[in-house]
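Reading through the structure tokens given below for one structure.
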Number of protein chains: 2
Amino acid sequence: MREFISITKALSDESRVRALLALRDRELCVCQIVELLGLSPSTVSKHMSILKHARLVEARKERRWMYYRLAEDDAPAAVHAAIAWVLDVLSTTRRIKQDVKTLKEVLKIDPEELCRVQSRR
Amino acid sequence: MREFISITKALSDESRVRALLALRDRELCVCQIVELLGLSPSTVSKHMSILKHARLVEARKERRWMYYRLAEDDAPAAVHAAIAWVLDVLSTTRRIKQDVKTLKEVLKIDPEELCRVQSRR
DNA sequence: AGTATGTTTCGTTATATGTCGAATTAACGG
DNA sequence: CCGTTAATTCGACATATAACGAAACATACT
């Protein structure tokens, strides 16, 4: 039950759901998610840690960057079912389709360049 | 997206999830759910209205009683998928199995008698 | 009409959550 | 080492949520 509630709580915020769906096709580093959502790095970091505690995403640190990706096969069955449900229900919504477009632009920018731009704001 | 978040928010509270699962096999009136959850009638009423707004449950008034039941076929696909997921993940948990037992006892009591007992507390 | 009963709404309170900016930590580059 | 940079943690604030009891509402019984 605890595990289930941690999943539904994680999925009960629009920004977190958008972040989760953004990881559909590839991993992303925090600054890329910051760019997509338009939130502060600290807020995004908090969101990602909530998704991670729910085991919906996994993380990997490489050099200075933290990469997040969707949960893989070692995650609980409840997590896989949740992800499948989210993808099924939301992939075709306006908001998520817009995010796909935005992401395409974000991915064109070199991550180092992206972080540098953000730190100047 | 709005619809989806209303579903996940509804499912992000343990009492609401327990109430939802209690409706698995039959409709229940508010006083029966009150008895199961051990919360005040006003709190249970609020919970049920949140489940109803998310379209996870439907309501029917008969005489003095308000009966709630699981959403039926006319509900959105996202709702059905959510209910299927919840049932699949939680039916076998300790808490829910205990609720099934408690419910069996509650159902033995005539609803009128149950309400009378509650109003004396 | 008047009273009892089942549920909901309202007002209040305590706790939880989302957000930011500042401070801190971790990793790299000179 | 020391400064730079990416991310996280901390502290603060505003808003949202879960809970209750009191009041209001709706229905039935006499």
Side-chain angles (χ1 to χ4, degrees), chain A residues 2 5-6 8-19 27-54 57-69 106 109-121, chain B residues 2 5-6 8-19 27-54 57-69 106 109-121:
Chain A
R2 256 261 198 67
I5 297 294
S6 83
T8 51
K9 271 201 201 305
L11 296 177
S12 70
D13 176 85
E14 177 166 338
S15 298
R16 279 197 292 270
V17 171
R18 288 173 61 204
E27 61 183 11
L28 292 173
C29 78
V30 176
C31 68
Q32 293 170 318
I33 304 170
V34 164
E35 196 65 20
L36 173 70
L37 299 180
L39 296 172
S40 77
S42 64
T43 301
V44 171
S45 178
K46 187 84 202 325
H47 281 320
M48 298 317 290
S49 101
I50 289 168
L51 288 169
K52 187 155 164 262
H53 273 108
V57 306
E58 295 169 23
R60 166 180 84 84
K61 185 151 197 170
E62 184 185 313
R63 298 172 46 89
R64 271 178 288 184
W65 295 281
M66 183 66 85
Y67 287 96
Y68 286 95
R69 62 177 181 281
V106 170
I109 310 167
D110 175 50
E112 288 207 51
E113 177 60 23
L114 188 57
C115 289
R116 224 170 304 128
V117 171
Q118 287 174 354
S119 65
R120 272 189 228 113
R121 281 175 196 161
Chain B
R2 257 261 199 67
I5 297 293
S6 82
T8 52
K9 271 201 201 303
L11 296 178
S12 70
D13 176 86
E14 178 167 337
S15 299
R16 278 195 293 269
V17 172
R18 288 173 62 204
E27 62 184 9
L28 292 173
C29 78
V30 175
C31 68
Q32 293 170 318
I33 304 171
V34 164
E35 196 65 20
L36 174 70
L37 300 179
L39 296 171
S40 77
S42 64
T43 302
V44 170
S45 178
K46 187 80 197 338
H47 281 319
M48 299 316 291
S49 101
I50 289 168
L51 288 169
K52 187 156 164 260
H53 273 108
V57 306
E58 295 168 22
R60 165 179 85 84
K61 186 153 196 171
E62 183 186 316
R63 299 170 47 89
R64 271 177 287 185
W65 295 281
M66 183 65 86
Y67 288 96
Y68 286 95
R69 61 178 181 281
V106 170
I109 310 167
D110 175 50
E112 287 206 51
E113 177 60 23
L114 187 59
C115 288
R116 226 170 302 128
V117 171
Q118 287 174 354
S119 65
R120 274 190 226 111
R121 284 178 195 156

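Labels below follow one simple rule: chain letters A, B, ... track the order of the sequence lines, proteins then strands, and each chain is numbered from 1. Heavy-atom basis, side chains included; hydrogens, waters and symmetry copies ignored.
- Comparing A:Glu62 and A:Thr43 along DNA chain C, the residue whose closest nucleotide (by nearest heavy atom) sits nearer the 5' end is A:Thr43.
- Taking a heavy-atom distance under 4.0 Å as the criterion, the stretch of DNA chain D touched by chain B extends 5' to 3' from D:dT17 to D:dC29.
- Side-chain atoms of B:Gln32 and B:Leu36, non-hydrogen and from C-beta on, never get closer than 4.5 Å to each other.
- Across every non-hydrogen atom of A:Arg16 and A:Ala10, the tightest pair is NE-O, 2.8 Å.
- Of the inter-residue distances, the one linking A:Leu51 atom CG with A:Ser15 atom OG reads 10.5 Å to the nearest 0.5 angstrom.
- Among the heavy atoms of the strands lying under 4.0 Å from A:Tyr68 are primed sugar atoms or P, OP1, OP2 only; no base atom is included.
- No side-chain heavy atom of B:Ser6 sits under 4.5 Å from any side-chain heavy atom of B:Arg2.
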Decide side-chain contact (heavy atoms from CB on, under 4.5 Å) for B:Leu39 and B:His47; before the verdict, give the C-alpha distance in whole Å, the side-chain angles of both, and the deciding distance to 0.1 Å.
CA-CA 10 Å; B:Leu39 296 171; B:His47 281 319; 4.1 Å; yes
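- For B:Ile5, the side chain to side chain contact (heavy atoms under 4.5 Å, CB included) partners are A:Glu14, A:Val17, B:Met1, B:Thr8, B:Lys9, not counting sequence neighbours.
- Protein chain B contacts DNA chain C from C:dT5 to C:dT9, reading 5' to 3' and using non-hydrogen atoms of the protein with a distance under 4.0 Å.
- If A:Lys61 and B:Ser42 are placed on DNA chain C by their nearest nucleotide, the residue sitting closer to the 5' end is B:Ser42.
- Near DNA chain D, meaning a heavy atom under 4.0 Å away, there are no residues from residues 9-17 of chain A.
- The side chain to side chain contact (heavy atoms under 4.5 Å, CB included) search around B:Lys46 returns B:Ile50, not counting sequence neighbours.
- Although no hydrogens or angles enter the test, the distance criterion places no donor-acceptor pair under 3.5 Å between the side chain of A:Glu35 and the main chain of A:Leu114.
- To the nearest 0.5 angstrom, B:Met66 atom CE is 10.5 Å from B:Ser49 atom OG.
- Contacts of A:Glu27 classified as side chain to side chain contact (heavy atoms under 4.5 Å, CB included), with partners at least two apart in sequence or in another chain: A:Arg60, A:Tyr67, A:Arg69.
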